[in-house]
Amino acid sequence: MIPVSDALRARTRPYVNLSIIAANILVFLYELTLNQFQLQEFFFTYGVVPSDLSAWLSSPSLTDLDPPRSVFTSMFVHGGWLHIISNMLFLWIFGDNVEDAMGHVRYLAFYLVTGVAAALAQTAVNPDAQIPSVGASGAIAGVMGAYLVLYPFSSVAVLLPFFFLFWLAWIPAAVLILAWFALQLFSGVAELGQTAQTAQAGVAFWAHIGGFVAGLVLVWFFRSKRRSRRTREGAW
């Protein structure tokens, strides 16, 4: 299933969400100007290397802030066209309404905090990995968790593949998001049985899981008390 839009329209312009999307696209366009060697160096500089972050967390140092800084910069780095297109599509669909429910400043803080939670979750599962993790998917998973709490009964338009054709269908947001999370959880648990070399070279499933769970919990603290009637109706 490929989501393409949702039925809700935000009452406020999602300045923060649009800015995050624009920042990710600009960074990716810069990546396209790099050769293979430069790109690899870029990933190691601005991506999260779990072994480096684990070492820093075990012995924090104010003279070396590169590991914690990389937690934030990694959210704006992507590994390819499919990576950024899929991430920005999900953020475009779900982010505007979450920003509408939280307000601009709270949404930005929420996005960054869930991204940090995602990086910590992935590092906790594979603390010795030496391949950098990049991408906004952990923070976007947090946004999806918040959307599930705020608008579980909203409808999402998805493309369903049928041989070489795609059919458009509307399904409840809760069905899509919970199915997505179940896939991440199943894949993450299956990954635990792999060797460290194999696990660290694949998708950061535990970053998705960590970000999603963080979003489910933190949305209750970040959503605005002056919620719209539409949010109240969608939450219960």
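All residue numbers in this chain count up from 1 along the given sequence. These figures come from a predicted structure and were not determined experimentally.
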Kindly indicate, with the supporting measurements, whether the criterion side-chain contact (heavy atoms from CB on, under 4.5 Å) is fulfilled by Leu148 and Phe212.
CA-CA 10 Å; Leu148 177 62; Phe212 184 83; 3.9 Å; yes

inquiry  = The test is side-chain contact (heavy atoms from CB on, under 4.5 Å); show your working for Glu31 and Phe43 and say whether it passes.
reply    = CA-CA 10 Å; Glu31 291 177 37; Phe43 286 159; 3.7 Å; yes

Pair Asn97-Tyr151, side-chain contact (heavy atoms from CB on, under 4.5 Å): steps then yes or no: CA-CA 9 Å; Asn97 288 293; Tyr151 310 106; 3.6 Å; yes

Derivation and outcome, side-chain contact (heavy atoms from CB on, under 4.5 Å), residues Val158 and Val156 | CA-CA 6 Å; Val158 298; Val156 179; 4.2 Å; yes

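Using a distance-only test at 3.5 Å, with no hydrogens or angles considered, no donor-acceptor pair links the side chain of Asp96 to the main chain of Pro14. Side-chain atoms of Arg9 come within 3.5 Å of backbone N or O of Asp6 as a donor-acceptor pair. In this structure, the side chain of Ser187 does not engage the main chain of Gln184 through any donor-acceptor pair within 3.5 Å. For Gln122 (side chain) and Ser133 (main-chain N/O), no donor-acceptor pair under 3.5 Å exists by modelled atom type. A donor-acceptor distance shorter than 3.5 angstrom exists from the side chain of Ser54 to the backbone of Pro127, with no hydrogens or angles considered.
The neighbour count for Tyr46 OH, taken as heavy atoms of other residues, nucleotides or ligands under 6.0 Å away, does not exceed 12. In this structure, Arg69 places its CZ atom where more than 12 heavy-atom neighbours from other residues, nucleotides or ligands lie under 6.0 Å away. Residue Trp180 places its CH2 atom among more than 12 non-hydrogen atoms of other residues, nucleotides or ligands, all under 6.0 Å distant.
Note on Trp56 and Val71: same hydrophobic cluster, where clusters join Ile, Leu, Val, Met, Phe, Trp and Tyr whose side-chain heavy atoms are under 4.5 Å apart, directly or indirectly. Clustering ILVMFWY residues whenever any of their side-chain heavy atoms sit less than 4.5 angstrom apart, transitively, puts Trp167 in a cluster other than the one holding Trp170. Under the 4.5 Å side-chain heavy-atom criterion for grouping Ile, Leu, Val, Met, Phe, Trp and Tyr, Ile25 is connected to Ile93 within one hydrophobic cluster. Tracing side-chain contacts under 4.5 Å through hydrophobic residues (I, L, V, M, F, W, Y), one never reaches Tyr15 starting from Leu8; they form parts of separate clusters. When the side chains of ILVMFWY residues are joined at heavy-atom separations under 4.5 Å, either directly or via intervening members, Val217 and Leu185 end up in a single hydrophobic cluster.
For the residue pair Tyr107 / Asn17, a side-chain donor-acceptor distance below 3.5 Å is found, with atom types taken as modelled. For the 3.5 Å distance criterion, the side chains of Ser51 and Asp128 fail to qualify, holding no donor opposite an acceptor.
Val175 has its side chain within reach of Pro172: a pair of non-hydrogen atoms, C-beta onward, lies under 4.5 Å apart. Val143 places none of its side-chain heavy atoms less than 4.5 Å from the side chain of Thr114. The shortest distance between side-chain heavy atoms of Gln38 and Thr33 does not fall below 4.5 Å. Side-chain contact between Leu57 and Leu120: present, with at least one pair of heavy atoms (C-beta onward) separated by less than 4.5 Å.
Note that the OG atom of Ser74 and the CG atom of Leu53 stand 9.5 Å from one another [nearest 0.5 Å]. In this structure, CG on Leu34 lies 9.5 Å from CD on Glu41, to the nearest 0.5 angstrom. Between the CG atom of Asp100 and the CZ atom of Arg13 there is a distance of 12.0 Å, given to the nearest 0.5 Å. Expressed to the nearest 0.5 Å, how far CZ of Phe181 lies from CE of Met144 amounts to 10.5 Å. With rounding to the nearest 0.5 Å, the separation of CD1 in Ile85 from CZ in Phe90 is 13.0 Å.
Smallest separation of non-hydrogen atoms from Leu150 and Ala101: CD1-CB, 3.7 Å. Nearest heavy-atom pair across Ala109 and Phe222 is CB-CE2, 3.7 Å. Across every non-hydrogen atom of Ala157 and Leu168, the tightest pair is CB-CD1, 3.9 Å. The heavy-atom pair separating Asn24 from His78 by the smallest distance is OD1-CE1, 2.9 Å. Of all heavy-atom pairs between Ser70 and Thr45, the closest is CB-O, 4.4 Å. Between Arg106 and Arg223, the closest heavy-atom pair is NH1-O, 3.1 Å.
Ring pair Phe205/Phe186: centre-to-centre distance not below 6.0 Å.
Across Phe37, Phe28, Tyr30, a single residue satisfies ring pair (Phe, Tyr, Trp, His ring centres under 6.0 Å) together with Phe42, and that is Tyr30. With Leu91 as reference, Ile140 is the one residue of Val98, Leu18, Ile140 to meet the side chain to side chain contact (heavy atoms under 4.5 Å, CB included) rule.
Between Phe94 and Tyr147, the ring planes lie perpendicular to each other; the angle is over 60°, past the 30° to 60° tilted range.
With sequence neighbours left out, the salt bridge (charged side-chain N to carboxylate O under 4.0 Å, His left out) criterion links Asp64 to no other residue.
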